[in-house]
Amino acid sequence: MTDAARDPATTAAGSGASPAAPGPPSPPSPPPRTRPEDLTRWQAVWRQLPLLAALVALWIFLWDHVDVLTVTTGVILAIAVTRALYLPPVLLSGRFNPWRGLLLGLWMMLDVAVASVQVAARAVWPGWTPMNAIIAVQLLTRSDLVTTLTAEAITVVPGTVVVDIDRERGLLYLHALGTRTEADLVGVRRHVLATEERIVLAIGTHEQAEAVRAARRHRRATGRKLEAARPEPEELAEREDDA
C-alpha cells in the first residue's frame, strides 16, 4: 500500500472529493484526583499544616486563653488526632487566588440574598403548592476538598440542601425546592456546577483551574452553556442498592 493510499486527505484530494471538515473540539477531561501517595513527605506536611494550625486554634479558643501549656497540648492533640483517627486525608491545593476568592464570596452573598427572598415569597404566596426533588449532580472534579466546599456552599443557600455525597463517583445528591419542570432541574444543576467552578478558580490546584478555564473556552467556542452530565440510571440504582 502506498503512502497516498494511507493518507485519507491525499486520497480525497486525488479523487476530487472534499476532505471532511473537522468537528468541534472535544471538551477537556477533568484532571485526575491527587492521591496522598503521589506527594513527597514535605509536600504532604505542607498541605496538612493549615489543618493542624486550625485544630490548634480551635483548642486555644476552647480554653479561652493563650499560654505555653495550651499551645503545646494543642499541637500534641492535633498531631495525635490526625494520626490516630483514620479519615481520608484532605489535601489542600497550596494555591489561593484573592480576586477569585473575593468573587466567590460576593456570589455567595448574592445567592443567599436572592434565594432568601424567593423562599420567603413562596412561603407566603397564596395557593402555592410546593414541589421538590432529590437531584443527583455529577461534579466536574474529584477533589475531596472541592466536593466538601461545594456541598457546604450549596447547603448555605436557602432552598437547597445536600443530603448525600458519593465520593467515589463525584456525585452530589441534594434536595431542591420549587422544581416543577425539567428546566428547573437543569437550572439547579447549572447553579451547582457554577459554584464548583468558582471554588476551583479560587482555591483549586493549578491543573484544576486550567481545566475549568479550558472548559469555559470550549463552551465559548461552541456556543454551549454549562451543562451537567446526568448520571446514568444504572449508576443511581446501584448507588441506592449500596445505601
Quiz item: Taking a hydrophobic cluster as the set of Ile, Leu, Val, Met, Phe, Trp and Tyr residues connected by side-chain heavy atoms closer than 4.5 Å, whether directly or through intermediates, do Met109 and Trp99 fall within one such cluster?
Solution: yes
Quiz item: At what distance, to the nearest 0.5 angstrom, does CG of Leu104 lie from CD of Glu197?
Solution: 12.5 Å
Distance-only donor-acceptor pairs under 3.5 Å for side chains of residues 49-66, two or more places apart:
from  : atom 1 : to    : atom 2 : distance (Å)
Trp59 : NE1    : Thr70 : O      : 3.4
Trp59 : NE1    : Thr73 : OG1    : 3.1
His65 : ND1    : Trp63 : O      : 2.9
His65 : NE2    : Asp67 : OD2    : 3.3

Quiz prompt | Gap between atom CG of Leu172 and atom CD1 of Ile135 - 0.5 Å precision | solution = 11.5 Å
Practice problem: Taking the side chain as every heavy atom from C-beta outward, state whether Gln208 and Val212 have any atom pair closer than 4.5 Å. | Solution: no
Self-check item: Partner of Arg190 by side-chain contact (heavy atoms from CB on, under 4.5 Å), out of Val186, Val192, Val188
Solution: Val186
Quiz item: Which pair of non-hydrogen atoms, one from Arg95 and one from Thr205, has the smallest distance, and what is that distance?
Solution: CD-C, 4.1 Å
Quiz prompt | Spacing of CZ belonging to Arg100 relative to CG belonging to Leu102, to within rounding of 0.5 Å | solution = 11.0 Å
Self-check item: Over all atoms of both residues, closest heavy-atom pair of Val200 and Ala209
Solution: CG1-N, 3.7 Å
Practice problem: Show the numbers, then the answer: is there a side-chain contact (heavy atoms from CB on, under 4.5 Å) between Thr160 and His191? | Solution: CA-CA 11 Å; Thr160 54; His191 173 69; 5.6 Å; no
Quiz item: If you look at every heavy atom in Ser116 and Pro158, which pair is closest and at what distance?
Solution: OG-CG, 3.4 Å
Quiz item: Roughly how far, to the nearest 0.5 Å, is the CG atom of Leu139 from the CZ atom of Arg169?
Solution: 13.5 Å
Exercise. Report yes or no: does Arg142 contribute a side-chain atom to a donor-acceptor pair with the main-chain N or O of Thr147 at less than 3.5 Å?
Key: no
Quiz item: Is a salt bridge present between Arg217 and Glu210, judged by a nitrogen-to-oxygen distance below 4.0 Å?
Solution: yes
Quiz item: Do Leu69 and Leu77 belong to the same hydrophobic cluster, where Ile, Leu, Val, Met, Phe, Trp and Tyr are linked whenever their side-chain heavy atoms lie under 4.5 Å apart, directly or via other members?
Solution: no
Quiz item: Going by heavy atoms in the side chains, are Gln138 and Leu171 under 4.5 Å from each other?
Solution: yes
Quiz item: How far does CZ of Arg180 sit from CG of Asn132, to the nearest 0.5 angstrom?
Solution: 9.5 Å
Self-check item: Least distance between heavy atoms, Ala153 atom then Ile199 atom
Solution: CB-CD1, 4.4 Å
Quiz item: Which pair of heavy atoms, one from Arg122 and one from Leu177, lies closest together, and at what distance?
Solution: NH1-O, 3.6 Å
Quiz item: With a 4.5 Å limit on heavy-atom distance, are the side chains of Glu196 and Thr141 in contact?
Solution: yes
Exercise. For residues Asn97 and Leu201, determine if any side-chain heavy atom of one lies less than 4.5 Å from a side-chain heavy atom of the other.
Key: no
Quiz prompt | Shared hydrophobic cluster, Leu106 / Val156 (ILVMFWY, side-chain heavy atoms < 4.5 Å) | solution = no
Exercise. Starting at OG of Ser143, measure out to CD1 of Ile203 and round the result to the nearest 0.5 Å.
Key: 6.5 Å
